[in-house]
Number of protein chains: 2
Amino acid sequence: MVKPISQTMEKTEKISTEVKILAAAEEVFLKSGYDGSRMQEIADLAGINKAMLHYYFRSKDALFERIFEQKFSQFFPKIQELTTMPISFTEKVCIYVELHTNLLRQNPYLPLFIINTVHKNNDFVKKMPLLLFSEFAKSYYTDLAANKVKDLNPLQFLMSVMSMCVFPFLSKPILCSSINISDQDFDTLMNNRPEEIKRYVRAILMP
Amino acid sequence: MVKPISQTMEKTEKISTEVKILAAAEEVFLKSGYDGSRMQEIADLAGINKAMLHYYFRSKDALFERIFEQKFSQFFPKIQELTTMPISFTEKVCIYVELHTNLLRQNPYLPLFIINTVHKNNDFVKKMPLLLFSEFAKSYYTDLAANKVKDLNPLQFLMSVMSMCVFPFLSKPILCSSINISDQDFDTLMNNRPEEIKRYVRAILMP
DNA sequence: GTCTATATCTGGATAGAC
DNA sequence: GTCTATCCAGATATAGAC
């Protein structure tokens, strides 16, 4: 039994059909991915007819692409301004950890959705270049010259930090089943996670 | 005891077809997942008819389940005997890193396949309990009592180590597109990865 | 055991009334 | 803009000849 989105909204003042569709599509696509999603399911959730989906968005592909572009831009936290701030590399990484972990706690389905999509068709990504790495690397080498960080491979290091932030959300089902922890336990684990990762980051970077 | 030729031939043929199907199914399911795979594609790859798939394995579901169980048991490296060996916790973790990274380099599709499947239906996992964590934790607390490792949360730590091993294979498309590295570059990155992770592990655990 | 042909069903997309 | 009814391709599964 699916409740239409319009009913769950506080203001029932005529929400546009397009918005209802987008909200429903986002929920369904994020949960089930492209292949696993049905247009009928999206229509039911939006509380409208299946034909309307094709009236507003030409096809399933078009609707999906619309959702993907919107969500992909959310996948990485907003840290552009951070890269130019006059703080150490270690501090920058710690702030990134904080931001990304919080972002993912609010969007736990995001990682699997993004990763599945780019594995099927990485053309999606090519439109959206990420300038993060080169900026971070520059900051790293500045601090390395000042002997403020250990000598290591910055790409390997940043890949590791991102791994520690993202992967737990991907492996949650395995984790919960295999060592038998509840959803609440998992949440507290994720609440404590940024502090734990930041400790690791400082230990690794300490010269 | 020699069997009649006709029987031997018959049996050989039977097994051969079954093996061909399993090999093809494994390749297709691993690359595309359950939803993205077509029985026709499996049949073509096995060089047999589509109807044969249903003759040997009742349905797509049954065939998939067969493949999943086989692959899931491969997802974690064989380290049961390792947990009882008289070496330090740090050493055990380092050996795990080596084993898991090598395993994944030979099966780069495995992580996404496993994770997608358990997200869709985690009943699969419940049949296969993993005893790894408790054994590792025991070893950690022994070394902690001897002041050989830093005081930290072993679950968070082990989750981090596994993240660093597995996640790069999941994020490869994003990585390659966003910072423009080639497949060869990625391979060398993964070749060097175990050494890099082990350095991090030692830095984090150093008391 | 292996094939061809076909049944059956699902899901995306369209036509046309209102 | 919104609906009902329908089309049609594609996919799983089965029937039946050999």
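Below, chains carry the letters A, B, ... as their sequence lines are ordered, and counting in each starts from 1.
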Compile the donor-acceptor pairs under 3.5 Å between side chains in residues 160-172 of chain B and protein atoms, sequence neighbours left out, one pair per line.
unit_1, atom_1, unit_2, atom_2, d
Ser160(B), OG, Arg193(A), NH1, 3.4
Ser160(B), OG, Arg193(A), NH2, 2.8
Ser160(B), OG, Gln156(B), O, 2.8
Ser163(B), OG, Met159(B), O, 2.7
Ser171(B), OG, Phe167(B), O, 3.3
Ser171(B), OG, Pro168(B), O, 3.4

task: Using atom CZ of Phe64(A) as one end and atom P of dG11(C) as the other, report the distance to the nearest whole Å.
output: 18 Å

- prompt: Over how many whole Å does the gap from Asp35(A) atom CG to dT10(C) atom P extend?
  reply: 18 Å

message: I'd like to compare against my own output: the B/S/- annotation of nucleotides 12-18 of chain C with a strict under-4.0 Å heavy-atom distance to protein.
response: BBB----

query: Hey, what's the ring geometry for His100(B) with Phe75(B), parallel, tilted or perpendicular (30° and 60° as the breaks)?
result: perpendicular

field: Euclidean distance, atom CE of residue Met52(A) to atom P of dC3(D) [Å, nearest integer]
entry: 6 Å

task: Starting at atom CG of Leu63(B), determine the distance to atom P of dA11(D), rounded to an integer number of angstrom.
output: 16 Å

field: Nucleotide dT14(D), atom P - distance to CZ of Phe57(B) in whole Å
entry: 16 Å

field: All ring-ring contact (aromatic ring centres under 6.0 Å, His included) counterparts of Phe64(A), not counting sequence neighbours
entry: Phe29(A), Tyr34(A), Phe113(A)

statement: Which of Glu27(B), Glu65(B), Glu26(B) passes salt bridge (Lys or Arg N to Asp or Glu O under 4.0 Å) with Lys71(B)? Answer is Glu26(B)

- request: Would you confirm whether Tyr140(B), through its side chain, and Leu152(B), through its main-chain N or O, come within 3.5 Å as a donor-acceptor pair?
  value: yes

task: Can you tell me the distance, in whole Å, between the CD atom of Glu18(B) and the P atom of dT2(C)?
output: 11 Å

query: Quick one: is Tyr55(B) getting a side-chain N or O under 4.0 Å of the dA13(D) phosphate, OP1 or OP2?
result: no

- prompt: Salt-bridged, Lys92(B) to Glu135(B), with N to O below 4.0 Å?
  reply: no

